[in-house]
**Student:** 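My questions will all concern the structure given below.
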Amino acid sequence: MVNTNDILETIRMITDENLDVRTVTMGISLLECADPDPRTACEKIYKKITTCAERLVDVVDNISTSYGIPIVNKRISVTPIAMLLAACPDADPVWFAKTLDAAAKKVGVNFIGGFSALVQKGFSAGDKALINAIPEALANTDFVCSSVNIGSTKAGINMDAVAMMGPVIRRAAELTADNNCLGAAKLVVFCNAVEDNPFMAGAFHGVGEPDCCVHVGVSGPGAVRAALAKLPKDAPLDDVAELVKRTAFKITRMGQLVGELAAKELDVPFGIVDLSLAPTPAIGDSVARVLEEMGLECCGGYGTTAALALLNDAVKKGGVMASGNVGGLSGAFIPVSEDEGMIAATEAGVLTLNKLEAMTAVCSVGLDMVVVPGDTPADVLSAMIADEAAIGMINTKTTAVRVIPAIGKQMGERLDFGGLLGYGPVMPVNMSSPSVFVHRGGRIPAPLQALKN
């Protein structure tokens, strides 16, 4: 039961501690829009999205106003576009990206995700065409986000796809070099991608989802940090975990409320609440500062991985108790450029790529919004993807890489994206060549733990 004190505490989290609903994301299936004529397909896509999401922004804004709950973003995720390209193999995938962009602008959402391909076990019709078109598609659209799933615990890792993605990331950065390489910031490479993720850039509408539904992504690292600040500095870690669970419970209940209201008003099924401690560049809204509140001098030092494991687990446990619809990625995100504490730790030289890779094993995503020198070879980018995918595959968890080569920049400089994307210091990269390994191709076989049925 929720008592008056719980309600008042949640209000304080909203007013004083940056608690918000980060996104309400409408998932829309486009499978019925497939057509051998690409122009007809694009017309169907535009009509389906603008019809389903016509009232999305107004409904969410009314909920925010009526209940006093900040809802930062309204977004759309769609069926992976590579599936639709299979019906018209000679089509230009960029047409489809521009159609998504036009539909997003028409309904007024912040981002639209699903310019995506799922190639964990190999390439189907449409997959290679879409992947090769990603740089141009992201350079010629404003709101489109892209993702590629290159591995899974069940399938292993598609190393041919991994080898493709390094050059694609570099090209996406190069084509948007005059805009802080933003194309690469709208592209993420997954292992074990989930079908109901409401967060960009990785959101797409999975084939197992309903025709149309709404998901909610809630974020509250500031609220968790403020709660921990009230604990004595010698409180045992059991008490720390318990407090995080209780705080996550309250945050998730707020997301559940928003999701149910939005689904009812839009007359579509309610999907999931994704309780992810997704930070922003604002002071007091940082996952790194939560870890430091546990007793670390600086995020990235020894003990960081253990503290993050505790945080991630407690967040999930609290969320699961608060809602029967918890899904997505749910846990703690560690995007460098979007987290004030991560930025500070990177600039201090404490947080490194090696430590971020270790943290990937226990957090929700992976190397996220990491800025690297502009001359980083494509093979090195591909090898980063392979390493992260291996962690996800072996540990049966989602991992991802969203890395941005800062074209024309080196260590000591930074990319400033603005808004929720923040700014990223250029991090040093080990340039030892993995070229022979990356270009062997083939598939890293699925691990033994995949043999469950």
**Student:** Are side-chain heavy atoms of T398 and V365 found at a separation under 4.5 Å?
**Tutor:**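 Counting from C-beta outward, T398 and V365 never come under 4.5 Å.
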**Student:** If only side-chain N and O atoms count, and only distance matters, is there a donor-acceptor pair under 3.5 Å linking D274 with S276?
**Tutor:**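 Yes, because at least one side-chain N or O of S276 sits under 3.5 Å from a partner of the opposite role on D274.
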**Student:** Looking only at heavy atoms, which two atoms of F96 and L84 are closest? And how far apart?
**Tutor:**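 Of all heavy-atom pairs spanning F96 and L84, the closest is CE2-CB, 4.4 Å.
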**Student:** So for atom NZ, which belongs to K128, do other residues, nucleotides or ligands contribute more than 12 heavy atoms lying within a distance under 6.0 Å?
**Tutor:**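 Not buried by this count: 12 neighbours or fewer within 6.0 Å.
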**Student:** Quick one: does F115's side chain get under 4.5 Å of S147's, heavy atoms only?
**Tutor:**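 Heavy-atom side-chain distance check fails, nothing below 4.5 Å.
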**Student:** Backbone N or O of W95 within a donor-acceptor pair of the T99 side chain at under 3.5 Å?
**Tutor:**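 Between the backbone of W95 and the side chain of T99 there is a qualifying donor-acceptor contact (under 3.5 Å).
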**Student:** Are P198 and I272 side-chain neighbours, meaning at least one heavy-atom pair lies under 4.5 Å?
**Tutor:**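 Yes. Closest side-chain heavy atoms under 4.5 Å.
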**Student:** Do D379 and H439 have side-chain N/O donor and acceptor atoms under 3.5 Å apart?
**Tutor:**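 Looking only at side-chain atoms, H439 and D379 do form a donor-acceptor pair, the distance falling under 3.5 Å.
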**Student:** For E43 and K48: C-alpha separation, side-chain torsions, deciding distance, then whether salt bridge (Lys or Arg N to Asp or Glu O under 4.0 Å) applies.
**Tutor:** CA-CA 9 Å; E43 289 171 2; K48 178 75 180 285; over 6 Å; no
**Student:** Any heavy-atom pair between the side chains of I81 and L30 that's under 4.5 Å?
**Tutor:**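 They are in contact (side-chain heavy atoms under 4.5 Å apart), so the answer is yes.
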**Student:** Less than 4.5 Å apart, side chain to side chain, heavy atoms only: is that true for T25 and F199?
**Tutor:**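 When only atoms from C-beta onward are counted, F199 and T25 do not touch, as no gap falls below 4.5 Å.
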**Student:** Below 4.5 Å, heavy atoms only, C-beta onward: do I76 and H205 meet side chain to side chain?
**Tutor:**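 Of all side-chain heavy-atom pairs linking H205 with I76, none is under 4.5 Å.
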**Student:** Testing the basics here: between T252 and S323, what is the closest heavy-atom pair and its distance to 0.1 Å?
**Tutor:**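 Nearest heavy atoms, T252 then S323: CG2-CB, 3.9 Å.
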**Student:** Only counting residues at least two apart or in another chain, list the ones meeting side chain to side chain donor-acceptor pair (under 3.5 Å) with D92.
**Tutor:**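 With neighbours one apart ignored, the set is empty.
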**Student:** Going from CG on N354 to CE on M427, what distance comes out if it is rounded to the nearest 0.5 angstrom?
**Tutor:**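 Answer for the CG-CE pair, N354 versus M427, is 9.0 Å.
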**Student:** Hey, could you give me the CD1/SG distance between I157 and C191, rounded to the nearest 0.5 Å?
**Tutor:**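 Going from the CD1 atom of I157 to the SG atom of C191 covers 6.0 Å.
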**Student:** Is the backbone of G217 close enough, under 3.5 Å, to the side chain of T23 for a donor and an acceptor to pair up by distance?
**Tutor:**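 Not a single qualifying donor-acceptor pair exists.
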**Student:** Is the shortest side-chain N to carboxylate O distance from E293 to K233 below 4.0 Å?
**Tutor:**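 Yes, E293 and K233 are salt-bridged.
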**Student:** Would you name the heavy atoms of A383 and P434 that are closest together and state the gap between them?
**Tutor:**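 A383 and P434 have their closest heavy atoms at CB-CG, 3.5 Å.
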**Student:** What is the minimum heavy-atom distance between S432 and V380, and which atoms define it?
**Tutor:**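 Minimum heavy-atom contact is O-CG2, 4.3 Å.
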**Student:** Distance from M369 atom CE to I334 atom CD1, nearest 0.5 Å?
**Tutor:**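 So the CE of M369 and the CD1 of I334 are separated by 13.5 Å.
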**Student:** Does any part of the side chain of V370, heavy atoms only, come nearer than 4.5 Å to the side chain of M384, both counted from C-beta?
**Tutor:**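 Heavy-atom side-chain distance check fails, nothing below 4.5 Å.
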**Student:** P447 and I394: which non-hydrogen atoms are nearest, and at how many Å?
**Tutor:**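 Smallest interatomic distance, heavy atoms only, reads CB-CD1, 3.7 Å.
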**Student:** If we count only N and O atoms by modelled type, under 3.5 Å, do the side chains of Q449 and T396 hold a donor and an acceptor together?
**Tutor:**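 No, because no side-chain N or O of Q449 sits under 3.5 Å from a partner of the opposite role on T396.
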**Student:** Decide side-chain contact (heavy atoms from CB on, under 4.5 Å) for N197 and F190; before the verdict, give the C-alpha distance in whole Å, the side-chain angles of both, and the deciding distance to 0.1 Å.
**Tutor:** CA-CA 12 Å; N197 169 22; F190 278 118; 4.1 Å; yes
**Student:** Assess whether a salt bridge exists between R22 and D285, defined as any Lys/Arg side-chain N lying under 4.0 Å from an Asp/Glu carboxylate O.
**Tutor:**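 Salt bridge: yes.
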**Student:** When rounded to the nearest 0.5 angstrom, what is the spacing between SG in C212 and CD1 in I28?
**Tutor:**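 Rounded to the nearest 0.5 Å, the SG-CD1 separation comes to 5.0 Å.
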**Student:** Could you tell me whether K98 and E136 have a side-chain N and a carboxylate O separated by less than 4.0 Å?
**Tutor:**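 Judged by the 4.0 Å cut-off on N to carboxylate O distance, K98 and E136 do not form a salt bridge.
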**Student:** Should R170 and E174 count as an ion pair when the cut-off is N to O under 4.0 Å?
**Tutor:**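 Result for this pair is yes, salt bridge flagged.
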**Student:** Please say whether more than 12 non-hydrogen atoms of neighbouring residues, nucleotides or ligands are located less than 6.0 Å from NZ in K105.
**Tutor:**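 Yes, enclosed.
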**Student:** Can we say K74 and D61 salt-bridge, meaning some charged N sits less than 4.0 Å from an Asp/Glu carboxylate O?
**Tutor:**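 A salt bridge is present here (some side-chain N lies under 4.0 Å from a carboxylate O).
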**Student:** Check V148, V401, V119, L381 against M165 for a side-chain contact (heavy atoms from CB on, under 4.5 Å) and give me the one that passes.
**Tutor:**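 In the set V148, V401, V119, L381, the residue that makes a side-chain contact (heavy atoms from CB on, under 4.5 Å) with M165 is V148.
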**Student:** Answer yes if the side chains of S435 and S433 hold a donor-acceptor pair under 3.5 Å, and no otherwise.
**Tutor:**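 Side chains of S435 and S433: no pair found under 3.5 Å.
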**Student:** Does the pair K44 and D35 meet the rule for a side-chain contact (heavy atoms from CB on, under 4.5 Å), with working shown?
**Tutor:** CA-CA 9 Å; K44 291 179 178 179; D35 197 283; 3.1 Å; yes
**Student:** Please name all residues satisfying side chain to side chain contact (heavy atoms under 4.5 Å, CB included) with A104, sequence neighbours left out, ordered by chain then number.
**Tutor:**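 Partners of A104 under the side chain to side chain contact (heavy atoms under 4.5 Å, CB included) test: V109, I112, F143.
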**Student:** Can you tell me how far OG1 of T305 sits from CG of N312, rounded to the nearest 0.5 angstrom?
**Tutor:**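 Output value for this atom pair is 12.0 Å.
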**Student:** Within a reach of under 6.0 Å around NZ of K121, are more than 12 heavy atoms found that belong to other residues, nucleotides or ligands?
**Tutor:**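 Atom NZ in K121 is not crowded, with 12 or fewer foreign heavy atoms closer than 6.0 Å.
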**Student:** Evaluate the side-chain proximity of N192 to K154: yes if any heavy-atom separation is below 4.5 Å, no if none is.
**Tutor:**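 K154 does not reach N192 side chain to side chain.
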**Student:** Do the side-chain N and O atoms of T399 and T360 include a donor-acceptor pair separated by under 3.5 angstrom?
**Tutor:**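 Judged by distance alone, the side chains do not pair up.
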**Student:** Considering residues at least two apart in sequence or located in another chain, which fulfil the side chain to side chain contact (heavy atoms under 4.5 Å, CB included) criterion with A203?
**Tutor:**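 Expected list: S77, M200.
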**Student:** Go through L277 and F333 one step at a time and tell me if the side-chain contact (heavy atoms from CB on, under 4.5 Å) criterion holds.
**Tutor:** CA-CA 6 Å; L277 297 187; F333 284 8; over 6 Å; no
**Student:** Mind running side-chain contact (heavy atoms from CB on, under 4.5 Å) on C299 and M342 for me, showing each step along the way?
**Tutor:** CA-CA 7 Å; C299 178; M342 296 281 181; 3.9 Å; yes
**Student:** Test the R414-Y423 pair against the cation-pi criterion, namely NZ or CZ under 6.0 angstrom from the six-membered ring centroid and within 45° of the ring axis.
**Tutor:**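 Positive - R414 is close enough to the ring of Y423 and near enough to its axis.
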**Student:** So which atom in V426 and which in A406 form the shortest heavy-atom distance, rounded to 0.1 Å?
**Tutor:**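 Heavy-atom minimum between the residues: CG2-CB, 4.1 Å.
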**Student:** Okay, side chain of K397, backbone of C363: is any donor-acceptor separation there less than 3.5 Å?
**Tutor:**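 Yes; at least one donor-acceptor contact below 3.5 Å.
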**Student:** Pair Q120, N158 - check side-chain hydrogen bond (donor to acceptor under 3.5 Å, both in side chains), show working.
**Tutor:** CA-CA 5 Å; Q120 56 267 27; N158 181 350; over 6 Å; no
**Student:** Let me confirm one number: the OG-CG distance from S382 to D387, rounded to the nearest 0.5 Å.
**Tutor:**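 CG of D387 is found 11.0 Å from OG of S382.
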**Student:** side-chain hydrogen bond (donor to acceptor under 3.5 Å, both in side chains) between D339 and S286: does it pass, once the steps are laid out?
**Tutor:** CA-CA 5 Å; D339 187 305; S286 161; 2.5 Å; yes
